[in-house]
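To start, the structure itself, in structure tokens.
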Amino acid sequence: MTEIDKILPKKQEKQQAFILDHGKIEEGKLKYADDQTSYGWNIKRYNRLKEGAFVLNRHPSKLSKDKKFEIYAGGYVEQISKPDEDGNVRALITHSFNIEPPIKQGDDFIESFKWSSKKKKSNNWANFWNQYGMNEIKIDEFEKLVNAVQCVPAESIASEYEKISEEEIKTFVEKGFTVSYEEDNTTHSKRKKTTKFIAKQIDFESIQKQRQKIGALGEAIVFELLIKNAQKKNNNKLPIHVSKVEGDGLGYDIRCWNELGEECYIEVKTSTSKFSDGFEMSRNEIKASTSKNANYFIYRVYDLNIKTRECKIKIFEGPVSSETFNLEATSYKVYQK
């Protein structure tokens, strides 16, 4: 069994395989859409990708700094959403892996690779890739590509990131960090803000002791943000970090009060991913978000970078239900009949 066979589900008869392009420009800056948990497209323009396909992720040459494409990751199409009224769908990508180092244009391996699904001119990639960014390839081509490189499960990379040293957390906290956040919900207009913290309230020693350091740091960042907002409004009570002082079974992490004095419940979801979509919630958290008269918010901390001391926050308003969000089952509890 090869390394990739340990990562991906068993190959099926007539197995599909694709190379999908990721990348876009936002506000004049390069913003790769390389969230490895999802991929979106319009079925009116392309409708060949099906559930169960193996995929590789590619950054096109026109979007890279050195003008060379790279194939950097991959995964498995677990599920495809129902199309909206315009034909837009989104695929849930699981069993994701990174290619280390990425397959880079100009490398002898890819330049001399023998394609059976496409025709490539010698030393020339012109007109080779589908302009829509969804390239179907043969399964044997997929296997040759992934078996020639090192494929590392994304989960392993995430777990390595949890091994943050005490000194790194201390530097992150004491030297301050920049938070960019936006509110995007039904009762507030969309607002984007950027602020820099000197995070005096964050106990880095407590975070260092916790197993899930990324999650603990995200909660501490949001708690600090809410404290500062409350201090600006003298009439507001200070928030309470309930997951620390009351336990973690309430379905939310922080209790705070808005300008009207109403109690609000904050659940924090944190990752190093560059995109806000694709976070997981427990049954208990979903239930808490739908409780009667609950002012429930999800503070999604993402693109958290210890080295640059930056992160982003997007605020979602509950309740979390199929009417307001696309909910996808990622696990099941099984009992014998």
Side-chain angles (χ1 to χ4, degrees), residues 1-24 30 32-43 45-78 80 89 91-157:
M1 179 179 288
T2 65
E3 287 301 312
I4 196 64
D5 290 331
K6 298 176 184 177
I7 300 172
L8 292 174
K10 185 178 179 181
K11 180 176 66 174
Q12 302 297 314
E13 186 179 355
K14 297 182 180 180
Q15 178 68 54
Q16 277 192 311
F18 287 80
I19 298 177
L20 306 176
D21 286 356
H22 294 252
K24 60 181 178 180
L30 182 64
Y32 283 135
D34 56 1
D35 182 357
Q36 289 176 276
T37 65
S38 66
Y39 188 83
W41 73 99
N42 190 294
I43 61 171
R45 296 185 62 188
Y46 196 95
N47 197 25
R48 296 176 67 179
L49 179 61
K50 306 298 181 185
E51 293 177 354
F54 294 160
V55 295
L56 292 171
N57 300 342
R58 186 181 80 105
H59 288 151
S61 57
K62 65 181 179 180
L63 295 177
S64 66
K65 292 181 179 179
D66 59 6
K67 301 303 179 185
K68 294 182 179 180
F69 70 75
E70 64 175 8
I71 300 171
Y72 64 94
Y76 173 79
V77 179
E78 182 81 28
I80 299 176
V89 297
L92 171 66
I93 308 296
T94 62
H95 302 75
S96 59
F97 59 89
N98 281 0
I99 297 173
E100 297 187 345
I103 300 170
K104 192 82 171 178
Q105 181 180 348
D107 294 346
D108 289 340
F109 167 66
I110 194 66
E111 294 297 336
S112 60
F113 191 83
K114 302 299 182 183
W115 300 90
S116 57
S117 60
K118 292 174 169 285
K119 289 185 178 180
K120 174 183 172 293
K121 298 177 182 178
S122 179
N123 299 319
N124 188 341
W125 292 93
N127 302 316
F128 182 83
W129 301 106
N130 187 333
Q131 294 302 303
Y132 191 52
M134 303 178 75
N135 297 270
E136 187 168 10
I137 60 175
K138 302 290 187 183
I139 185 59
D140 66 299
E141 295 172 320
F142 176 90
E143 292 174 329
K144 288 177 183 177
L145 287 168
V146 296
N147 287 326
V149 296
Q150 182 179 10
C151 297
V152 181
E155 292 78 8
S156 297
I157 297 166

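Sequence positions, counted from 1, serve as the residue numbers for this chain.
Enclosure of atom CG in Asn42 by more than 12 non-hydrogen atoms of other residues, nucleotides or ligands within 6.0 angstrom is indicated. Heavy atoms from other residues, nucleotides or ligands lying under 6.0 Å from NZ of Lys120 number more than 12. Residue-environment remark: NZ (Lys104) exceeds the threshold of 12 foreign heavy atoms within 6.0 Å. By the 6.0 Å contact criterion, CG on Asp108 is open, its count of non-hydrogen atoms from other residues, nucleotides or ligands being 12 or less.
In this structure, Trp129 and Phe69 have perpendicular ring planes: the angle between them is above 60°, well past the 30° mark.
The backbone N or O of Lys50 lies less than 3.5 Å from a partner atom in the side chain of Gln16, making a donor-acceptor pair. Asp66 places a side-chain N or O within donor-acceptor distance of the main-chain N or O of Lys68, the cut-off being under 3.5 Å.
Atom CG of residue Asp5 and atom NZ of residue Lys10 lie 11.0 Å apart, to the nearest 0.5 angstrom. Note that the CG atom of Asn57 and the CZ atom of Phe18 stand 13.5 Å from one another [nearest 0.5 Å]. Taken from CD1 in Ile139 to CD in Gln12, the straight-line distance is 10.5 Å, to the nearest 0.5 Å.
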Task: Verdict with supporting geometry, Tyr46 and Asn130, side-chain contact (heavy atoms from CB on, under 4.5 Å) - done: CA-CA 11 Å; Tyr46 196 95; Asn130 187 333; 3.8 Å; yes
- [ ] Check the pair Ile80 / Trp41 against side-chain contact (heavy atoms from CB on, under 4.5 Å), numbers first and verdict last.
- [x] CA-CA 10 Å; Ile80 299 176; Trp41 73 99; 3.8 Å; yes
- [ ] Show your working on side-chain contact (heavy atoms from CB on, under 4.5 Å) between Gln105 and Lys67 and close with a plain yes or no.
- [x] CA-CA 9 Å; Gln105 181 180 348; Lys67 301 303 179 185; over 6 Å; no
- [ ] Report the C-alpha distance between Leu56 and Phe97 in whole Å, list the side-chain angles of each, state the deciding distance to 0.1 Å, and finish with yes or no for side-chain contact (heavy atoms from CB on, under 4.5 Å).
- [x] CA-CA 9 Å; Leu56 292 171; Phe97 59 89; 3.9 Å; yes
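Taking 4.0 Å as the cut-off between side-chain N and carboxylate O, Lys118 and Glu141 do not count as a salt-bridged pair.
Listed here is the closest heavy atom pair of Ala91 and Val77: CB-CG1, 4.0 Å. Between Phe128 and Asn135 the shortest heavy-atom distance is O-OD1, 4.3 Å. Smallest separation of non-hydrogen atoms from Cys151 and Ile7: O-CD1, 3.7 Å. Contact record, Phe142 with Ala17: CB-CB, 3.8 Å, taken as the closest heavy-atom pair. A pairwise comparison of heavy atoms in Lys144 and Phe109 identifies O-CZ, 4.0 Å as the closest pair. The minimum heavy-atom distance between Glu111 and Gly106, with the atom names listed, is OE2-N, 2.8 Å.
In this structure, the ring of His22 has its center less than 6.0 angstrom from the ring center of Tyr39.
Inter-residue side-chain proximity for His95 and Pro9 is flagged as met; some heavy-atom pair is nearer than 4.5 Å.
Put simply, the residue from Lys62, Gln131, Arg58, His59 that forms a side-chain hydrogen bond (donor to acceptor under 3.5 Å, both in side chains) with Asp21 is Arg58. Checking each of Ile103, Ile4, Ile99 against Leu145 for a side chain to side chain contact (heavy atoms under 4.5 Å, CB included) leaves exactly one that passes, namely Ile103. A side-chain hydrogen bond (donor to acceptor under 3.5 Å, both in side chains) with Glu143 holds for exactly one of Lys11, Lys138, Gln15; it is Lys11.
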